[in-house]
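Let me begin by presenting the structure, written as structure tokens, before commenting on it.
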Protein chains: 2
Amino acid sequence: MSARKDDIWLDARQQQAWRAYIMGTTLLLDRLDRELRQAWDISLIEYEILVRLSEQPDGSLRMALLADALCHSRSRITHTIARMESTGLVERTAAEGDRRGVMAVMTERGRELLVNAAPTHVAGVREHLVGLATKADFLVVGRVFDKVCDQLMQGHDDATDIR
Amino acid sequence: MSARKDDIWLDARQQQAWRAYIMGTTLLLDRLDRELRQAWDISLIEYEILVRLSEQPDGSLRMALLADALCHSRSRITHTIARMESTGLVERTAAEGDRRGVMAVMTERGRELLVNAAPTHVAGVREHLVGLATKADFLVVGRVFDKVCDQLMQGHDDATDIR
DNA sequence: ACCTAGAAGTTGAAGTTTCAACGAGAGAGA
DNA sequence: TCTCTCTCGTTGAAACTTCAACTTCTAGGT
């Protein structure tokens, strides 16, 4: 109940680091999203979905796995895939062996768009983040956020689930 | 046109770090937002606005400065402050000396809420991020994102501005 | 076979952010 | 003073996400 202040609050440097992280992330994600939209008329989320699909041998993935891979709610994936289907980047097919299941499949057009958009995206990531840090420092960032993922992954579910 | 692959793409470890950062950030911001909403019925954005206001001697800040401090669009600030005004956390007053200007002022109720919510928020930041890394590693994160801010800050404007 | 708990995915409404356009005032220069 | 350009902040619609409810199907027990 009466923990000392420095057990509760962040010190000045930690607080500064936290703010830099929040602001930097806000600016970075905003920028990467805009760059993709302007160059290829696709959002960062849609781009990331295409990346995951492209990593599968058949270019397809169950909706739930897509949601887990991106840490998005299932509802969000449903809506986003619906939009992408309407622009011809993916299609929906039934999953074999589970009649509840739906597979999102990348179309040829989706694959072409990804091939085009990938250099734009990677250049942005390099220019606005990776290229600004030493290799070692960037790997530290990766290490820290690996732990964040581990800590927060269990217990992350769709909003419909109990908590 | 024919740059070597490793001039364009990230290597495996960099890519892994990038994904950890994206996923970790998604999970982290989602979690911090939920914790504040559940405990105090306030979003992370609203919380951050209250923090900035509380740092001013008179608890008020021009809309534009608020937008800049949070790296949000002016439109977003307008909408968010409107919601906060309707729940009694802030009020709007005219800025002196510039009849275009609007000040967002923290109410007493806003200040009380912030005092209550701050421990929740800081505990979350500690538990899900700061406490998972060594002090040195976390400062590296801050250093990296400081550079990201510097690089992206100039040229960050409201969506209405030319680009 | 039957029942039940839970998972998969969708739906539509509510909430939030972005986008483009706008009105009003400030400020510099002729 | 007049005018031109720019900034401030807002507006309402479109785009996107969250939320809660729902249907369908699976899987495990009896």
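Each chain gets a letter, A, B and so on, in the order its sequence line appears, and its residues count up from 1. As a basis for the values below, the full set of heavy atoms in this structure was taken, side chains included, without hydrogen atoms, waters or symmetry mates. Everything numeric in this text was worked out from a predicted model, so none of it was measured.
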query = Are side-chain N/O atoms of R83(A) and S86(A) paired as donor and acceptor at under 3.5 Å?
reply = no
query = Among dT10(D), dT10(C), dC19(D), which is the nearest nucleotide to the side chain of R74(B)?
reply =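 Comparing dT10(D), dT10(C), dC19(D) against the side chain of R74(B), the answer is dT10(D).
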ask   = Choosing from dT10(D), dT11(C), dT10(C), which nucleotide comes nearest the side chain of V102(A)?
value =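 The nucleotide sitting nearest to the side chain is dT10(C).
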Write down the protein N/O and nucleotide N/O pairs, taken from nucleotides 14-17 of chain C, whose separation is under 3.5 Å; answer none if there are no such pairs.
unit_1, atom_1, unit_2, atom_2, d
dT17(C), OP1, R76(B), NE, 3.4
dT17(C), OP1, R76(B), NH2, 2.8
dT17(C), OP2, R83(B), NH2, 2.7

Once you round it to whole Å, what is the distance between [atom2] of [N] and [atom1] of [X]?
X: D41(A); N: dA15(D); atom1: CG; atom2: P; result: 11 Å
X: H72(A); N: dT17(D); atom1: NE2; atom2: P; result: 8 Å
X: I81(B); N: dC8(D); atom1: CD1; atom2: C1'; result: 15 Å
X: L70(B); N: dG9(D); atom1: CG; atom2: P; result: 14 Å
X: I49(A); N: dC16(D); atom1: CD1; atom2: P; result: 12 Å
X: L65(B); N: dT7(D); atom1: CG; atom2: P; result: 14 Å
X: M103(B); N: dT10(D); atom1: CE; atom2: P; result: 13 Å
X: L66(A); N: dA8(C); atom1: CG; atom2: P; result: 13 Å

With a 4.0 Å cut-off on N to O distance, would you call [X] and [Y] a salt bridge?
X: R37(A); Y: D41(A); value: no
X: K135(B); Y: D11(A); value: yes
X: R100(B); Y: D98(B); value: yes
X: R111(A); Y: E55(A); value: no

query = Between Y21(A) and F138(B), does the ring centre distance come in under 6.0 Å?
reply = no
Can you check nucleotides 24-28 of chain D for protein contacts, nitrogen or oxygen pairs under 3.5 Å, and list what you find?
unit_1, atom_1, unit_2, atom_2, d
dT26(D), OP1, R99(A), N, 3.2

query = Looking only at side-chain N and O atoms, does R34(B) come under 4.0 Å of OP1 or OP2 in dC19(D)?
reply =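 For R34(B), the contact criterion (side-chain N or O under 4.0 Å from OP1 or OP2 of dC19(D)) is met.
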message = Please find the pair of heavy atoms, one from I42(A) and one from Y47(A), that lie closest to each other, and give the distance.
response =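 Nearest pair, atom of I42(A) first, then Y47(A): CD1-N, 3.8 Å.
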Nearest atoms (heavy-atom pairs only) where L70(A) meets E48(A) = CD2-CB, 3.9 Å
query = Is D137(B) close to T134(B) at the side-chain level, that is, under 4.5 Å between some pair of heavy atoms?
reply =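 Heavy-atom side-chain distance check passes, below 4.5 Å.
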